[in-house]
Amino acid sequence: MEQISFEQLNRIDLVDFLATIGIQPKKRKDHRYYYLSPLAGHPIHRPTFIVDRHRNRWRETSTRQTGVLADLAVRLYDCTIGELTGILRSTLPPVQQIHATKGSNGIPLVALHQTHSIRSTYLERFLWERRIPLLVARQYCLEAWYHRKDQLYHALAFRNDAGGWELFDSNRHYRVAPGGPTLISHQSASVAIFRHVLDQLSYVALFSDPIHQLPDLLILNAPIPFPAVQAMIQSYRHIHLFLPNDATGIAFSIQAAQSLTNCYDHRSLYEGYPTLNDWNCRIGTAPGYRIAPYPLPPLPNPPPMPNSR
């Protein structure tokens, strides 16, 4: 198993690291995060442990101790620097893939370092906030560690069919090239189309029948115009659209309905909300929201769809 270098260790984002081991801030002010001290012998009734995320350093105000991640980890695990990387190998598993998104000057903006099963409490909390069961997310997404501006972060990772990745959490969304849609096949005659994986995960979570009865799932991963995927979807018997209620989502839905007779636009389910996932998280709270029945299309044998609440 590959060792973690001291330099790699200290590039890991401290806020992400603390979240991974279950330590959440009590408050935040700009780029400073305030915690109850994780170090023994420090006050536990007020946040005296401060992380400066810009500098990626921590400070304990009660003792004026300061340091980088390695200094903190040595104290948390009560070990030497030599023992530390061996302990943390279970937190940072071996590299599986290396991908990078480059800027106009050829310098990587985001470099994917490694992927593994979702286990960060920070990402689990994000999924809970988006009302997505962890078991559902683990079927389709991984946890990724990635470099940006010489620091290491983690995020949820969703792979596209071209070999690239969508990296996202509650604050960030990056695309690691090559970009493109993702088609998840269940050998179905129907397909459900989403722009973002969060909407697809919400759909699966709401689906009451066995997973093998799901339609095929097409996640665009970007505001792709309808002509770009028309050839991919036109052979399906039934095409169900769950796109965002924005200009590009509306344009895609209108073009699809005009071009294909077997296409059904389900945006009325979450009318007044930006997306299916947003509706699932905040149902009944949108301005002007009105409860209405969910009108399934009149199909002879319609595929199972999520029920309205």
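Everything numeric in this text was worked out from a predicted model, so none of it was measured.
Atom CZ of Arg59 sits in a sparse spot, with 12 or fewer heavy atoms from other residues, nucleotides or ligands closer than 6.0 Å. With a 6.0 Å radius and a threshold of 12 heavy atoms from other residues, nucleotides or ligands, Arg53 has its CZ atom above the threshold. Residue Arg138 qualifies as enclosed at atom CZ: its count of foreign heavy atoms under 6.0 Å is above 12.
In summary, the side chains of Tyr273 and Arg282 do not present any donor paired with an acceptor at a separation below 3.5 Å, with no hydrogens or angles considered.
With hydrogens and angles disregarded, a donor-acceptor distance shorter than 3.5 Å links the side chain of Asn160 to the backbone of Gly164. Not a single donor-acceptor pair under 3.5 Å links the side chain of Arg28 to the backbone N or O of Pro25. For Asp161 (side chain) and Leu183 (main-chain N/O), a donor-acceptor pair under 3.5 Å exists by modelled atom type. The main-chain N or O of Ala155 is never found under 3.5 Å from a side-chain atom of Arg172 such that the two would form a donor-acceptor pair. His147 contributes no side-chain N or O that, together with a main-chain N or O of Leu152, makes up a donor-acceptor pair within less than 3.5 Å. Formation of a donor-acceptor pair under 3.5 Å by the Asp71 side chain with backbone atoms of Val68 is found in this model. At least one donor-acceptor pair under 3.5 Å links the side chain of Glu143 to the backbone N or O of Arg119.
Aromatic pair His196/Phe168: centroids less than 6.0 angstrom apart. The aromatic ring centres of His113 and Tyr146 sit 6.0 Å or more apart.
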Tell me, with the steps shown, if Tyr270 and Asn245 meet side-chain hydrogen bond (donor to acceptor under 3.5 Å, both in side chains).
-> CA-CA 8 Å; Tyr270 44 98; Asn245 281 314; 5.6 Å; no
Does the pair Asp246 and Arg195 meet the rule for a salt bridge (Lys or Arg N to Asp or Glu O under 4.0 Å), with working shown?
-> CA-CA 11 Å; Asp246 60 11; Arg195 181 184 298 171; 2.8 Å; yes
side-chain hydrogen bond (donor to acceptor under 3.5 Å, both in side chains) assessment of Arg131 paired with Asn280 = CA-CA 7 Å; Arg131 301 299 185 264; Asn280 192 39; over 6 Å; no
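With rounding to the nearest 0.5 angstrom, the NE2 atom of His54 is 5.5 Å from the NE2 atom of His31. Atom CD1 of Ile239 sits about 12.5 Å away from atom CG of Asp265, to the nearest 0.5 Å.
Of the charged side-chain nitrogens involved, none lies within less than 4.0 Å of a carboxylate oxygen, so that Glu271 and Arg267 do not count as a salt-bridged pair.
Ring geometry, Phe49 versus Trp58: the interplanar angle falls under 30°, so the pair is classed parallel (tilted spans 30 to 60°). Using cut-offs of 30° and 60° on the angle between ring planes, the pair Phe252 and Phe226 is perpendicular. Ring pair Trp145/His154 is tilted by interplanar angle, where 30° to 60° counts as tilted.
For Lys26 and Tyr34, the positive end is not near the middle of the six-membered ring at less than 6.0 Å and at most 45° from its axis.
Residues Phe158 and Ile224 are members of separate hydrophobic clusters, defined by side-chain heavy-atom contacts under 4.5 angstrom among Ile, Leu, Val, Met, Phe, Trp and Tyr.
Counting only residues at least two apart or in different chains, salt bridge (charged side-chain N to carboxylate O under 4.0 Å, His left out) contacts with residues 220-241 are absent.
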